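Okay, so here's the structure we're looking at.
Worth saying up front: this structure is predicted, and the values here are computed from it rather than measured. In what follows, chains are A, B, ... by sequence order, proteins preceding strands, each numbered from 1.
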Number of protein chains: 2
Amino acid sequence: MISSIAELISDRIGTMPAGERRAAQTLIANYPLIGLKTVAEFSAAAGVSSPTILRFVARLGFQNYPEFQSALQDELAAQLQSPASRTLNPSSPGGGAVSPMLEATLDNMRETFRHLSDKQLADIVAKLADRRGKTFLIGGRFTDPLARYMAAHLAIIQPNVFHLAGQESIWRDRLIDMGKRDVLIIFDIRRYQDSLVRFAETAHQRGVQIVLFTDQWLSPIARFARHVIAGRTAVPSAWDSSAALFVVAETLIGAVTRQLEADGAKRIRELESLR
Amino acid sequence: MISSIAELISDRIGTMPAGERRAAQTLIANYPLIGLKTVAEFSAAAGVSSPTILRFVARLGFQNYPEFQSALQDELAAQLQSPASRTLNPSSPGGGAVSPMLEATLDNMRETFRHLSDKQLADIVAKLADRRGKTFLIGGRFTDPLARYMAAHLAIIQPNVFHLAGQESIWRDRLIDMGKRDVLIIFDIRRYQDSLVRFAETAHQRGVQIVLFTDQWLSPIARFARHVIAGRTAVPSAWDSSAALFVVAETLIGAVTRQLEADGAKRIRELESLR
DNA sequence: CAAAATACGTAACATACGATACAGCGCTCC
DNA sequence: GGAGCGCTGTATCGTATGTTACGTATTTTG
């Protein structure tokens, strides 16, 4: 049974031509407010012409645009009445299994941050922001993208940020460049990779400060790490989730950026003038 | 300080003549929906004439009725976005501002999934799982790691999964391999990259089905996309957050895996025996 | 109690909005 | 490769909508 217009749209979006589908997508993306504006505004936002919008609402079964808007308003009214049931898409309890995934992920994040003290984060931020040395990042089979993501941001706001990619032999050679003043950020969750452990150990022996992102069972690298961030990874899926670690990474990126801004780093000012 | 129109009304309702006060009361009683309807409807509901409604909105300080309606819509938009913290001061330096970051991220995820129907996800999963064609993944400057992350997982549970890396010229050449049966997963958030848009357009012309991960303002690629996933990206940071998209990606990975298991794919059984 | 001022509604007006006809284009299917 | 169909945008039209002018009613004040 179809109760909301959003449902109606996702039900029929498959049968729509390209232009109308574009209209549908923009409406869903900014639901339902775009639909309450004029046809001209709606069409501009969707990048199509006015008639396409009208054909779109006609395909949904409405006689005209005002009737469509009234329906949206009625829906809004019902939603505003009971703020509790603000669910736009009633998750099907059977095969969907979407909502449990989301719930578990949200729980993981809350739990991860609950075990993460502000002081701990502040220490890491200070270490990353106050840089006279270099920053290296590396990750495991599934977590290396997180290392890349973090590197892509850090490399912009400060110099000497390197993501270690490729084969083991390649990054082992980079060990030569690493010393006491440098920081190595490692992502390693189950199943922990021997190559990373070996690499971390050697780096540690050279005096490199290691920041480890791992799961709650702690990679063996924790033994060598100066700072350990333990994220929750359990979700109802065949795979572990790195989402919590991802959010911690984003938090750190933001905090380091803010710190550098507060320090009035020349680089930041130069960056802004470049934009 | 007066932030909402409702406040503004209750602030000035004392100074209003009888008719306008009736208008104010009916608006408060059905806030804010009556105000989004036409002047005629509003006046009928309030039991006054149209000019009275117009004088009422004029007294609130609005130039005309549409301006008043826009203000109501903006207010609604802010309210619908996230019930919680949208008004945070991004000025607290150092590591202190962790919790707002987390809260915003959690809001983003809830909001992203709220705008994502099960059907939409199911369609994408079906498309990715029922594969006679190839799957290509690519991302923008900051989102390419998400493409990598997804590719790393998908490549295990099915053949013919390719992450497009390196320079533009390199992946442009791969277009030769792409056809109607193939799927291209693109990650593109602001600021949208021209190179990706061009690439998507060409792929689209070749009949490739595009699945787009973007932000709520929709990359221009949405024009060519078969499926669009619009994630919320706003956080109290100098950077946009890709965390919501990351979680959607993980959800899809999990769902595709489950689907293939349900289909009894030979590859999955072989994989399990390999472990 | 009278006169003035304010408030309100009726009716005419202009504009902006939604609706429609039509032509160009690309796509699919013979 | 050609014919047909379907989709989309441009331009035009009618109308519903917001707006304003004006006259009447109501309240206020001396």
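- By the side-chain contact (heavy atoms from CB on, under 4.5 Å) test, B:A155 is found to be paired with B:V161, residues two or more places apart in sequence or in another chain being considered.
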Might you list the N or O atoms of the protein lying below 3.5 Å from N or O atoms in nucleotides 1-5 of chain D, with each pair's distance?
none

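- Remark: B:Q120 engages no residue in a side chain to side chain donor-acceptor pair (under 3.5 Å) (not counting sequence neighbours).
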- Reading 5' to 3' through nucleotides 3-17 of chain C, protein heavy-atom contacts under 4.0 Å coded B for base, S for sugar-phosphate only, - for none: ----SBBB------S
Pairs under 3.5 Å (N/O, protein and nucleotides 24-29 of chain C):
none

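- Positionally, the nearest nucleotide of DNA chain D for B:R223 lies more toward the 5' end than for the other of B:R223 and A:P66.
- Residues meeting the ring-ring contact (aromatic ring centres under 6.0 Å, His included) test with A:F68, sequence neighbours left out: A:F62, A:Y65.
- Under the rule for a side chain to side chain donor-acceptor pair (under 3.5 Å), B:R223 has no partner lying at least two apart in sequence or in another chain.
- Ion pairing of B:R258 with B:E261 is absent here, as no side-chain N (NZ or NE/NH1/NH2) approaches a carboxylate O to less than 4.0 Å.
- With sequence neighbours left out, the side-chain contact (heavy atoms from CB on, under 4.5 Å) criterion links B:S219 to B:D188, B:Y192, B:L212, B:T214, B:I221.
- Taking B:Y149 as the reference, B:H153, B:F246 meet the ring-ring contact (aromatic ring centres under 6.0 Å, His included) condition, with sequence neighbours excluded.
- End-to-end axis angle for the helix from C:dC1-D:dG30 to C:dC30-D:dG1, using five pairs per end and rounding to 10°, comes out at 30°.
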Distance-only check: which donor-acceptor pairs under 3.5 Å involve side-chain atoms of residues 42-52 of chain B, not counting sequence neighbours?
unit_1, atom_1, unit_2, atom_2, d
B:S43, OG, B:V39, O, 3.2
B:S43, OG, B:A40, O, 2.7
B:S49, OG, B:T52, OG1, 3.3

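- The ring-ring contact (aromatic ring centres under 6.0 Å, His included) pairs that include a residue from residues 217-238 of chain B are B:H204-B:F224, where partners are two or more places apart or lie in different chains.
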